[in-house]
Student: 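One structure coming up, written as structure tokens, with questions to follow.
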Amino acid sequence: MAAGGLDGLIAKAYGVTLDTLGECPTREGVLAAIRAGHEAAQGLIDGIAADVATSGRRVGCKSGCAFCCHQHIAVGPAELLGMFDAVTSWAPERQAELRRRLDQDAPRIAALGHAERRAARIPCAMLDRKTGLCTAYAARPIPCRSHLSLLRTACEREFRNKGTLRPGDKPVPVLQEPKPLAGAVLVAVELALDARGLSVEPTELSLGLHTALCDPTLFDRWLAGESPFPVLAPPPESRRARLGLTYTAMIRAERERLVGQGVI
Ligand code: SF4
């Protein structure tokens, strides 16, 4: 861990993101800031995964294994823009096929809570259902990058049991170390976006993408300071749900703490 711990990491990534965004963020500036955040987070995650490999533990995730890609994925508008940018580089017929699939799936997804989505096993919009590969792998959001299972068979069992634990089952063991580090980078990026007047309130990845495909002007409205994406409620067992706070409120509370301690 770098000198200064997680707060030092946030301060560094916050400064880089502010500089990349500039005073009046453009679409290109946001995409560059997200790419830089992803590179920073991925470097930390890869370093931890390499350490794990030498310590006797083994990451169970493999290319084509996608049991975890069938749940609500919380993503802020900036990371969503990265996914949307990847999709709009596809051939028109491929984009049209995604749109058709989302026209079918989005109303169902919108009606489901977190546990119900897991039970329904509706795949993420970005998942190739034949190969199990992420079709926007280079732009996948930080929650996807930092979720590393230590036991593939436990993921499969949870998937088959529709997200529920049966008597005697243990939760999927997940590598914990990447989460605070990658999370700190994400918080830093969102602190910078919020400082530039851009909403960081998360949406559900497939729903947000569908909304953007239906109305590509939404990102311009977001860049103009609006919050045009459907908001994803936090899981009911989460701290944020218990406190009844918006994500923006939590990010701003974090800013107050960091400013108060002279970190940023
Ligand atoms: S964005 Fe990619 S990695 Fe993340 S849930 Fe969707 S398909 Fe899986």
Side-chain angles (χ1 to χ4, degrees), residues 30-31 34-35 37-39 41-46 48-49 59-90 94-95 97-106 108-110 112-152 154-156 158-160 162-163 172 174-175 178-179 182-183 185-186 189-190 202-213 219 229-230 232 234-235:
V30 171
L31 287 169
I34 288 299
R35 276 196 297 273
H38 283 174
E39 268 176 36
Q42 195 62 52
L44 293 163
I45 295 164
D46 290 346
I48 291 166
V59 172
C61 303
K62 295 267 184 298
S63 176
C65 175
F67 296 117
C68 60
C69 297
H70 296 73
Q71 56 185 310
H72 282 340
I73 304 293
V75 62
E79 284 195 293
L80 184 68
L81 177 61
M83 308 295 285
F84 182 73
D85 189 59
V87 167
T88 51
S89 71
W90 294 354
R94 191 174 170 206
Q95 290 185 48
E97 191 205 324
L98 174 65
R99 170 73 191 273
R100 274 195 299 278
R101 186 156 22 97
L102 279 170
D103 284 345
Q104 283 185 344
D105 286 349
R108 292 173 64 208
I109 292 172
L112 300 175
H114 290 264
E116 294 164 325
R117 169 75 180 276
R118 280 171 172 263
R121 300 190 296 202
I122 304 170
C124 171
M126 290 292 95
L127 185 66
D128 183 316
R129 298 175 190 201
K130 287 195 187 121
T131 63
L133 298 176
C134 177
T135 55
Y137 190 74
R140 71 199 188 286
I142 283 179
C144 301
R145 292 168 189 266
S146 59
H147 182 82
L148 297 175
S149 166
L150 292 166
L151 190 59
R152 183 186 181 281
C155 301
E156 182 170 4
E158 188 185 84
F159 178 77
R160 304 235 174 274
K162 301 184 174 183
V172 174
V174 170
L175 191 63
K179 292 187 180 292
V185 173
L186 185 58
V189 170
E190 288 170 340
T203 187
E204 200 288 315
L205 194 156
S206 299
L207 289 181
L209 202 54
H210 184 238
T211 313
L213 286 169
F219 282 111
F229 295 98
L232 177 66

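Because the structure is predicted, anything quoted here is derived from the model rather than measured. Heads up: numbering here begins at 1 and tracks the sequence. Whatever order the structure lists ligands and atoms in, that order sets their numbers, starting from 1. Values below: all heavy atoms of this structure, side chains included; hydrogens, waters and symmetry mates excluded.
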Student: Among protein heavy atoms, which sits nearest to atom 6 (Fe) of ligand 1, and what does the distance come to when rounded to 0.1 Å?
Tutor: C124 SG, 2.4 Å
Student: Are the charged groups of R35 and E39 less than 4.0 angstrom apart, N to O?
Tutor: no
Student: If we count only N and O atoms by modelled type, under 3.5 Å, do the side chains of R145 and H38 hold a donor and an acceptor together?
Tutor: yes
Student: Against heavy atoms of M83, which atoms of ligand 1 measure under 4.0 Å?
Tutor: 1 (S)
Student: Looking at D105 and R121, does any basic side-chain N land under 4.0 Å from a carboxylate oxygen?
Tutor: no
Student: What's the shortest distance from atom 8 (Fe) of ligand 1 to any protein heavy atom, and which residue and atom give it?
Tutor: C69 SG, 2.3 Å
Student: Taking 4.0 angstrom as the limit, do R99 and D103 come out as a salt bridge?
Tutor: yes
Student: Indicate whether the side chain of R118 and that of Q71 have a donor and an acceptor atom separated by less than 3.5 Å.
Tutor: yes
Student: I'd like to check which ligand 1 atoms, numbered from 1 as shown, lie under 4.0 Å from a non-hydrogen atom of L127.
Tutor: 7 (S)
Student: Enumerate the atoms of ligand 1 whose separation from the nearest heavy atom of I73 is less than 4.0 angstrom.
Tutor: 5 (S)
Student: Is there a heavy atom in Q71 that sits closer than 4.0 Å to ligand 1?
Tutor: no
Student: Does C144 bring an N, O or S atom to under 2.8 Å of atom 4 (Fe) of ligand 1?
Tutor: yes
Student: Quick test of your reading of the model: are R140 and E79 salt-bridged, counting only N-O distances below 4.0 Å?
Tutor: no
Student: Closest non-hydrogen protein atom to atom 2 (Fe) of ligand 1, residue and atom name please, with distance?
Tutor: C134 SG, 2.4 Å
